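One structure is given here, and the rest of the page talks about it.
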Amino acid sequence: MGSWRRTHTCGELRLENVGETVTLNGWVQNYRDYGGLVFIDLRDRYGKTQIVFDSAIDPAMHELARSLRSEFVVSATGKVKDRGEAKNPKLATGDIEIKATSLTLLNKSEPPPFEIGTEDEPASEEIRLRYRFLDLRRPKMQRIIMLRHQIVTAMREYLNSQRFCEIETPILGRSTPEGARDFLVPSRMHPGSWYALPQSPQLLKQILMVAGYDRYYQLARCFRDEDLRSNRQPEFTQLDIEMAFVEAEDVMNTIEGLTCHVVEKVVGREVKRPFVHIDYDDAMEKYAVDRPDLRFGLEIVDITELGHQTEFSVFKNAPCVRAINAKGAAEKFSRKNLDDITAFVMEQGAKGLAWMKVEADKLQSPISKFFSDSQQTTLRQKLNAEPGDLLFFVADKREATHGPLNALRNKLGKDLELYDPNELHFSWVVKFPMFEWNEEDKRYYAAHHPFTSPLDEDWDLMEKTPDKARAKAYDLVLNGEECGGGTIRLHQFERQMKIFELIGLDKEEQEKRFGFFLEALKFGAPPHGGIAFGIDRWVMKLAGVESIRETMAFPKTQRGQDLMMGAPSEVDTKQLRELGFDTVPVKKGSS
RNA sequence: GGGGAUGUAGCUCAAUUGGUUAGAGCACUGGACUGUCGAUCCAGAGGUUGCGGGUUCGAGCCCCGUCAUCCUCGCCA
């Protein structure tokens with residue numbers, strides 16, 4: 001007795017507890033001072049409970065209660081009471097209240113810069129990030145952070161049940177250029193040498209396969225020193241998975257099982273299996289993107305040939321003309337809407353946007369006069385156009401049409417409400433190209449990474465037309481966003497060397513960068529492959545938030561700063577000297 | 001590196017074509033009140049309009065620069 005320590009949380013007391021003497025701890029969410037009577041809403045992670053302080057019971061306690069303010073930390077003891085007529089249906093604990101007999105002030109609080117209890121965003125993101133300890137105290141943020149916890153818990157549950165084992169790999173590793181920019185850490189003991197933070201544990205997990213840990217996973221922190229976006233942070237978390245003695249379908253099956261388990265466990269919804277498979281080439285052709293949102297149709301149709309026959313010089317001269325038929329949308333777009341959407345598509349890099357409203361007897365458009373009657377008929381057939389439809393056209397080099405068309409298609413899908421925003425549509429995009437030609441460097445680059453195996457039947461293409469070769473690669477796509485990607489790896493030394501050659505990595509470079517890895521391949525590397533998921537993006541989707549920063553406890557701003565702790569920061573000269581630095585890099589603009 | 005949006009009280013926002021003493025809600029301080037639950041009522045305090053420069057009789061508003069936050073292109077094998 002006399003302890004301030006809680007007997008219950010602020011979310012659990014119900015009518016059946018009436019009569020019990022309990023102690024609650026928590027933060028003061030709100031106070032209503034009635035003079036002789038004070039009401040407090042006490043909040044913790046689990047909920048809110050109303051506590052009443054009556055001057056008739058203990059004047060000293062009541063006086064103390066009157067001094068409580070937002071976010072004071074208190075312990076209150078009293079009897080659970082039925083609220084009778086005064087129930088609050090908005091509160092899970094609203095049928096009861098605590099009639100306090102004692103109150104302990106555990107800590108005071110300065111008035112918070114924003115309200116903790118509201119569901120709406122209470123302040124600008126800048127203020128929220130600076131006072132992240134308060135922001136994270138908000139029920140809304142606590143729900144997301146807990147959801148994240150449940151997601152990783154469910155992932156571990158499933159993988160553990162499938163004989164996977166969790167193995168940690170180092171944060172301090174070595175730089176292997178190519179790919180994203182590395183974060184570097186200077187070595188004190190080896191002045192002039194640097195560790196690199198991992199962009200992913202790729203090579204180490206492959207080495208774990210060589211070592212015989214045939215089913216590995218890790219919630220791996222990854223680092224990439226590139227510019228930030230609403231879905232990109234310089235450090236993020238991947239669920240990293242690798243399996244030995246498998247082909248692509250084994251990995252995909254496992255991941256489908258994992259995905260279903262997580263979604264069912266966390267949001268209580270069933271996901272249809274098997275997931276749709278779509279070839280990379282088809283995805284690019286029909287949706288102009290390698291991660292199409294398949295919740296809706298709006299397939300893209302290539303009308304280059306027809307375009308060349310018309311008198312419309314833009315179409316006539318463009319290497320590629322592609323169209324989208326927005327079914328039944330003609331009436332929904334005014335001239336002003338069409339101007340807006342044109343501007344939108346041009347922001348995405350299009351040179352322009354042509355449109356036609358389909359009517360029974362004609363195609364209403366500034367450009368239909370350039371189409372002969374028979375061309376118009378062909379166009380209607382190709383696009384399956386019916387009266388009331390709205391056709392959009394983008395003309396450019398084929399690669400240049402992808403971005404604008406994808407953006408247009410996604411915008412139309414959203415604006416025309418062609419899908420249920422709550423649907424979770426998972427699909428696999430497979431058969432990615434092995435290589436991409438880089439015109440600047442006059443060489444091929446690995447499209448995924450250089451440890452990827454080509455399709456068995458495509459080895460023959462490797463010498464003459466490597467750009468036609470396809471990879472044993474698979475991306476997991478959820479509602480138009482890539483949420484995981486993986487490949488079957490090259491496990492034979494000779495074949496790995498072959499691929500390195502093709503991307504122009506000479507023996508010396510191979511040895512220098514990947515010597516340790518090539519060495520491992522010589523000692524009985526089993527066939528293996530794996531996948532990695534962006535955990536943060538999963539949380540975004542399952543929590544329904546638009547920013548990756550909402551899914552992390554302590555995210556960085558777009559300029560890579562932590563506004564709470566003030567990172568990055570300058571350091572003592574002494575620290576720098578120990579690391580072998582004589583001078584400090586000069587701040588931009590201060591020379 | 002490029003393009004765009006925003007920056008006014010602790011917080012969220014307002015302030016006519018450039019015009020006199022920059023307002024409101026919430027929060028805060030003091031007071032009243034024994035059944036509220038976004039309590040209510042009375043009174044009060046609170047501002048380097050991000051920062052620096054310029055134009056002007058006069059700048060929160062116009063111009064130049066700069067900083068910060070966000071969105072986006074490049075970038076992210």
Side-chain angles (χ1 to χ4, degrees), chain A residues 29-42 48-57 62 66-67 69-71 81 83-91 93-94 97 99 109-131 134-135 176-182 199-200 202 222-234 236 343-344 346-349 403-404 407 432-436 438 444-452 471 473 482 485 487 499 503 505 513 534 546-547 549 556-561 563 588-590:
Chain A
Q29 156 103 31
N30 204 0
Y31 56 93
R32 294 175 290 279
D33 185 350
Y34 256 78
L37 202 60
V38 175
F39 298 94
I40 297 290
D41 296 327
L42 197 65
K48 283 192 294 189
T49 302
Q50 172 165 289
I51 302 176
V52 200
F53 300 92
D54 192 332
S55 58
I57 292 192
H62 172 258
R66 294 192 79 178
S67 72
R69 292 295 177 269
S70 294
E71 302 310 312
K81 204 186 117 193
R83 275 167 78 167
E85 294 302 300
K87 290 186 168 60
N88 182 355
K90 285 190 242 169
L91 221 55
T93 62
E97 65 188 3
K99 186 85 177 176
S109 170
E110 288 187 18
F114 52 81
E115 207 180 325
I116 308 300
T118 50
E119 277 301 306
D120 306 328
E121 298 311 330
S124 70
E125 196 172 354
E126 192 174 349
I127 299 288
R128 289 175 52 208
L129 288 174
R130 197 155 94 225
Y131 298 93
L134 293 176
D135 192 39
T176 51
E178 283 203 82
R181 197 175 292 115
D182 282 322
Q199 295 179 25
S200 83
Q202 182 60 36
C222 303
F223 305 85
R224 293 176 190 177
D225 188 6
E226 299 291 346
D227 284 0
L228 285 70
R229 284 285 192 288
S230 58
N231 63 358
R232 262 164 37 190
Q233 283 273 305
F236 58 99
F344 168 79
M346 287 175 76
E347 272 170 37
Q348 304 296 319
F432 280 77
M434 275 290 285
F435 306 104
E436 276 163 10
N438 183 298
Y444 285 106
Y445 276 86
H448 195 76
H449 57 54
F451 317 108
T452 300
E482 182 198 328
T487 63
I499 299 299
I503 60 170
L505 210 61
R513 292 187 193 176
E546 298 291 323
S547 164
R549 295 181 298 277
K556 297 193 171 45
T557 67
Q558 198 172 34
R559 301 245 1 253
Q561 290 183 294
L563 296 181
K588 218 176 6 175
S590 66

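In what follows, chains are A, B, ... by sequence order, proteins preceding strands, each numbered from 1. Quick caveat: nothing in here was measured; it's all calculated off a predicted structure. Note that these values count all heavy atoms, side chains included, but never hydrogens, waters or copies made by symmetry.
For Y131(A), there are no ring-ring contact (aromatic ring centres under 6.0 Å, His included) partners at least two apart in sequence or on another chain. Residues that satisfy the side chain to side chain donor-acceptor pair (under 3.5 Å) test with E71(A), not counting sequence neighbours, are R43(A), R137(A). R224(A) pairs by the salt bridge (Lys or Arg N to Asp or Glu O under 4.0 Å) definition with nothing, not counting sequence neighbours. In terms of the side chain to side chain donor-acceptor pair (under 3.5 Å) criterion, E85(A) has no residue partners (sequence neighbours excluded). By the side chain to side chain donor-acceptor pair (under 3.5 Å) test, R66(A) pairs with D33(A), sequence neighbours left out. In this view, H449(A) and F451(A) satisfy the ring-ring contact (aromatic ring centres under 6.0 Å, His included) rule, not counting sequence neighbours. Q233(A) is linked by a side chain to side chain donor-acceptor pair (under 3.5 Å) to nothing, counting only residues two or more places apart in sequence or in another chain.
A gap of 8 Å separates the C1' atoms of rG18(B) and rG58(B), to the nearest Å. Separation of the C1' atoms belonging to rG7(B) and rG52(B) is 16 Å when rounded to the nearest angstrom. On the P atoms, rC41(B) is 27 Å away from rA22(B), given to the nearest whole Å. Comparing the C1' positions of rU16(B) and rC33(B) gives a spacing of 43 Å, expressed to the nearest Å. Nucleotides rC61(B) and rA15(B) place their C1' atoms 10 Å apart, quoted to the nearest Å. Taking atom P on both nucleotides, rU12(B) is separated from rU8(B) by 8 Å, rounded to a whole Å. Across the C1' atoms, rU20(B) and rA59(B) are found 14 Å apart, a figure rounded to whole Å. Taking atom P on both nucleotides, rU56(B) is separated from rA45(B) by 39 Å, rounded to a whole Å.
Using the Watson-Crick or G-U wobble rule with both distances under 3.5 Å, rC61(B) pairs with nothing in any strand shown. Across all strands shown, rU40(B) pairs with rA32(B); the Watson-Crick or G-U wobble distances both stay below 3.5 Å. Across all strands shown, rG7(B) pairs with rC67(B); the Watson-Crick or G-U wobble distances both stay below 3.5 Å.
For F114(A) and Q50(A), each mapped to the nucleotide of RNA chain B holding its nearest heavy atom, the one lying further toward the 5' end belongs to F114(A). Across the interface with RNA chain B, nearest-nucleotide mapping of A123(A) and K90(A) shows A123(A) to be the residue nearer the 5′ end.
The base of rG35(B) sits within donor-acceptor range of the side chain of K81(A), with an N or O pair under 3.5 Å.
When distances run from any side-chain atom of E126(A) to the nucleotides rU36(B), rU34(B), rA68(B), the shortest one goes to rA68(B). In this structure, of rU36(B), rC33(B), rU34(B), it is rC33(B) that holds the atom nearest to the side chain of R66(A).
Going from atom OH of Y34(A) over to atom C1' of rG35(B) covers 7 Å, rounded to whole Å. Straight-line distance from the CZ atom of R130(A) to the C1' atom of rC11(B): 12 Å, rounded to whole Å. In this entry the distance linking CE of M346(A) with P of rG3(B) reads 17 Å, nearest Å.
The backbone N or O of D227(A) sits less than 3.5 Å from a side-chain atom of R232(A), completing a donor-acceptor pair.
Distance check: I127(A) CD1 to L563(A) CG gives 9.5 Å after rounding to the nearest 0.5 Å.
Using a 4.0 Å cut-off between charged side-chain N and carboxylate O, D41(A) and R32(A) make a salt bridge. Salt-bridge formation is detected for the pair E125(A)/R549(A): a Lys NZ or Arg NE/NH1/NH2 atom is positioned less than 4.0 Å from an Asp or Glu carboxylate oxygen.
Within the nucleic acid shown, I503(A) has no heavy atom closer than 4.0 Å to any nucleic acid atom. If you check every strand for non-hydrogen atoms under 4.0 Å, D225(A) touches nothing.
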- [ ] Summarise how protein sits on nucleotides 70-77 of chain B as a single string, 5' to 3': B when a protein heavy atom is under 4.0 Å from the base, S for sugar-phosphate-only contact, - for no contact.
- [x] BBBBBBBB
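An OP1 or OP2 oxygen of rU69(B) is reached within less than 4.0 angstrom by a side-chain nitrogen or oxygen of Q561(A).
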Scan nucleotides 26-28 of chain B against the protein and return all N/O pairs shorter than 3.5 Å with their distances rounded to 0.1 Å.
from: rC28(B); atom 1: OP1; to: Y31(A); atom 2: OH; distance (Å): 3.1
from: rC28(B); atom 1: OP2; to: Y31(A); atom 2: OH; distance (Å): 3.4

